[in-house]
Amino acid sequence: AAMSRKGVKLLVDSLTRSAKHFNKSEVECLINLFDTLVARASSQFAGVGFDRTVFRDTLHSAFGMTDDVVLDRVFSTFDRDNNGYISVVEWVEGLAVLLRGTLEEKMKHCFAVYDLNGDGYISKEEMFQMLKNSLLIQPADEEPDEGVKDLVEIALKKMASTYLLISFLLQDYDHDGKLSFEDFEKAVREEKLLLEAFGPCLPDIK
């Protein structure tokens, strides 16, 4: 439903405070964009938000994000109350992290994207799921899944390599095949390129 001018002003003021990284005019623009996206969404949300399909299409067209697994996980990080749609607050506050977040905020975002089951760890199986879409098929006789399994196994056995992913996985000090946020944070602070080690879940600079 359309908000009164006073309601919009209160919303803008509130989101400018909570989103932190946007000024008032930027928040106003994002609210206008939100309204446009809501108009495209499934009618089941009755104008209160937009669904996964609209969200994915928007991130794809605006930021060139194409990985289906990553897009679904980014949707989940935005949809904090897990009700299946993005509200205006989730939209603006989510974009504040995605576009202008601090390193700490982006680390939490990326870790949440990679932690597919939300248990606080990135497991061997989750690494496999995230990596399998990014591995190019090389030999005609080798299944891509086998290549990913080999890569994860090698990394977890701490075999010497300069490959960034393996450097990242060397932070698994207890050798349990899982990474905690603390492991992830330590690795990223040592090498910022590891922030998106398991797939592109942030827009590029462009």
Side-chain angles (χ1 to χ4, degrees), residues 20-21 52 55-56 59-60 63-82 84 86 90 93-138 142-205:
K20 294 182 291 190
H21 304 304
R52 187 181 301 266
F55 182 84
R56 287 164 57 108
L59 263 62
H60 173 68
F63 307 128
M65 298 173 73
T66 58
D67 187 293
D68 288 338
V69 175
V70 169
L71 285 168
D72 277 339
R73 291 300 303 152
V74 174
F75 177 87
S76 296
T77 66
F78 272 63
D79 182 21
R80 295 191 305 250
D81 56 8
N82 198 32
I86 304 300
E90 290 169 335
E93 292 182 354
L95 284 177
V97 172
L98 199 69
L99 299 178
R100 295 187 182 163
T102 63
L103 179 60
E104 182 74 23
E105 289 171 329
K106 287 181 177 179
M107 283 191 291
K108 288 177 180 176
H109 165 78
C110 292
F111 187 86
V113 168
Y114 302 144
D115 178 14
L116 300 180
N117 66 1
D119 68 350
Y121 294 91
I122 302 172
S123 68
K124 185 175 171 180
E125 291 73 24
E126 288 166 334
M127 296 174 203
F128 173 79
Q129 289 300 319
M130 298 302 298
L131 286 169
K132 74 176 184 178
N133 293 331
S134 63
L135 189 70
L136 295 174
I137 299 174
Q138 296 289 341
E142 183 177 351
E143 290 294 320
D145 282 7
E146 290 304 312
V148 176
K149 285 178 185 174
D150 290 345
L151 180 60
V152 172
E153 286 296 334
I154 289 170
L156 290 173
K157 288 176 183 175
K158 297 182 65 175
M159 292 180 67
S161 174
T162 57
Y163 190 65
L164 283 176
L165 172 62
I166 295 175
S167 298
F168 178 80
L169 293 174
L170 292 180
Q171 302 300 322
D172 177 27
Y173 293 116
D174 53 8
H175 315 294
D176 64 354
K178 298 192 298 185
L179 290 171
S180 66
F181 177 74
E182 290 71 24
D183 295 331
F184 182 79
E185 180 179 26
K186 179 176 167 113
V188 171
R189 289 196 186 280
E190 290 176 1
E191 174 50 75
K192 289 183 175 57
L193 289 174
L194 295 173
L195 183 62
E196 296 181 90
F198 298 116
C201 54
L202 293 167
D204 59 26
I205 299 298

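No hydrogens, no waters, no symmetry mates; every other heavy atom, side chains included, goes into these values. Source: prediction; values computed, not measured.
Remark: the backbone N or O of Leu202 is not paired with any side-chain donor or acceptor of His109 at under 3.5 angstrom. In terms of modelled atom types and a separation under 3.5 Å, the side chain of Glu90 and the main chain of Asp79 share no donor-acceptor contact.
Taken to the nearest 0.5 Å, the NZ atom of Lys108 stands 8.0 Å off from the OG1 atom of Thr102. Taking CZ from Phe78 and CG from Leu59, the interatomic distance works out to 6.0 Å, rounded to the nearest 0.5 Å. Atom CZ in Phe184 sits 5.5 Å away from atom CG in Leu195 (nearest 0.5 Å). Distance check: Phe63 CZ to Cys201 SG gives 13.0 Å after rounding to the nearest 0.5 Å.
Looking only at side-chain heavy atoms (C-beta outward), Asp183 and Tyr121 stay at 4.5 Å or farther from each other. Using a 4.5 Å heavy-atom cutoff, the side chains of Pro200 and Met65 are not in contact. For the pair Met107 and Phe181, the minimum side-chain heavy-atom distance is below 4.5 Å. The shortest distance between side-chain heavy atoms of Val97 and His21 does not fall below 4.5 Å. Residues Thr77 and Leu98 fail the side-chain proximity criterion, which asks for heavy atoms closer than 4.5 Å. In this structure, the side chains of Met130 and Val70 come closer than 4.5 Å at one or more pairs of heavy atoms.
In plain terms, the two heavy atoms of Lys106 and Leu99 that are nearest each other are NZ-O, 4.4 Å. Minimum heavy-atom separation, Leu194 to Ala187: CD1-O, 3.8 Å. When all heavy atoms of Tyr114 and Gly199 are compared, the closest pair comes out as OH-O, 2.6 Å. The minimum heavy-atom distance between Leu71 and Phe55, with the atom names listed, is O-CE2, 4.2 Å. Closest non-hydrogen pair, Met127 versus Ile122, comes out as CE-O, 3.6 Å. When all heavy atoms are compared, the tightest approach of Ser123 to Lys178 is CA-CG, 4.0 Å.
A salt bridge is defined here as a Lys NZ or Arg NE, NH1 or NH2 lying under 4.0 Å from an Asp or Glu carboxylate O, and Asp115 with Arg73 fails to meet this definition. With respect to the salt-bridge test (charged N to carboxylate O, under 4.0 angstrom), the residues Glu104 and Arg189 qualify.
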Exercise for the section: Carefully, step by step, assess Val74 and Arg56 under the rule side chain to side chain contact (heavy atoms under 4.5 Å, CB included). Expected result: CA-CA 9 Å; Val74 174; Arg56 287 164 57 108; over 6 Å; no

